[in-house]
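Report on the following structure.
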Amino acid sequence: MQQIKLGRDGPMVSAFGLGCMGMSGGYGPADDKECIATIHAALEAGITMIDTADFYGMGHNEMLIREALKGGKRQRAFVAVKFGSMRGPDQKHYGDDARPAATKNFLAYSLRRLGTDYVDLYQPSRVDPQVPIEDTIGAIADMVKAGYVRHIGVSEASAKTLRRAQATHPIAALQIEYSLFSRGIEREILPTLRELGMALVAYGVLSGGLISDRAEAARTAASEIRIRKPRFFAENFTKNVALVESLSKIAREKGASTSQLAFAWVKSRGDDVVPLIGARRRDQLEEALGTLELKLTAHELARIEQAVPAAAVAGTRYLPAALAHMDSERAP
Ligand SMILES: NC(=O)c1ccc[n+]([C@@H]2O[C@H](COP(=O)([O-])OP(=O)(O)OC[C@H]3O[C@@H](n4cnc5c(N)ncnc54)[C@H](OP(=O)(O)O)[C@@H]3O)[C@@H](O)[C@H]2O)c1
């Protein structure tokens, strides 16, 4: 698999990453054995970036990754960890905590759960509005100096925050939602990333399973994530499925699946973009990896964008209360 540089002087990572969130609930129950087999299959296919967060399954995801990386596989993986999201046992969200002391405390637990001495990429999952980003990044920079963290990232940060973060310590990557349905970053965040030389780690490429040939099955499957995604709600869903259908038509002509087209479009946005594959089963991973064979011409890319005009997508990517809390969604 193609390797790309994460940030100006950053490490080399695989052109696609494996996002492990769905392996610990969120999209319904998952089978640990199949999840571990999926991580192994990803490593075998040349994927190095394994993306997790300490709050995915409240530690379950990190312990699953620990299990998967036993037997000498840790060195082959680039483990990216997000932290800061505060949840109760019932998954109720209590905001974010990225104070310096909390940051170091979260990291200590992650290292133990992952069974590793270092995290490759450590990043606050949301910018904590109560804490200057310089303080959060400064705390992670202390952990870089001490050898516990190799590189620093941010997630869902605004252009302004990216500049402040980069002025504190080199930032390798921004993780943010980016797909045919979520193109808001193209106005300001993406140009800023490129100016600053950071890479983009794109999540939500399938918009939670909506941009796929199985949108209806995704809508009806029990999922605590999708019940908070307005694009799956009633009339929004009907409108969005019509957009997906026009993409599916192009995909069929290419002999590809709709999700492969969605991945190929994100990948086509630049060599500095690492799409995360949100697979929890080997068949999903295999389908996503089929994207590697898929080359889109300029004409096809134009047709795809015509099929899904950004303004035609119905519903926001998160509920208004969640968006209000996101630094990336604040007006510049
Ligand atoms: N930084 C952040 O704030 C943030 C937020 C969310 C996620 N993430 C990261 O991004 C990763 C990707 O998550 P996502 O939810 O955003 O991903 P996504 O690709 O938009 O959606 C994943 C959903 O798509 C479905 N799916 C997976 N492969 C498929 C395929 N080949 N065909 C059709 N449907 C398929 C899955 O189905 P099943 O339900 O059947 O598994 C799952 O429901 C996560 O694992 C996590 O690492 C980061």
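Order of appearance sets the numbers: ligands from 1, and atoms from 1 within every ligand.
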Using 4.0 Å as the upper bound for N to carboxylate O, is an ion pair formed by Arg281 and Glu287? no
Using a strict cut-off of under 4.0 Å between a residue heavy atom and any atom of ligand 1, list the qualifying protein residues by chain and number. Gly19, Cys20, Met21, Tyr27, Asp51, Tyr56, Lys82, Arg126, Ser155, Gln175, Tyr203, Gly204, Val205, Leu206, Ser207, Gly208, Gly209, Ser212, Arg214, Arg226, Ser259, Leu276, Gly278, Arg280, Arg281, Gln284, Glu287, Tyr318
Considering residues at least two apart in sequence or located in another chain, which fulfil the side chain to side chain donor-acceptor pair (under 3.5 Å) criterion with Arg112? none
Hydrophobic cluster membership, Leu121 vs Tyr118, 4.5 Å side-chain cutoff: no
Between Arg219 and Glu216, is there a side-chain N and carboxylate O pair less than 4.0 Å apart? yes
Residues in side chain to side chain donor-acceptor pair (under 3.5 Å) contact with Asn105, at least two apart in sequence or another chain: none
Partners meeting side chain to side chain donor-acceptor pair (under 3.5 Å) with Glu44 (sequence neighbours left out): Arg76
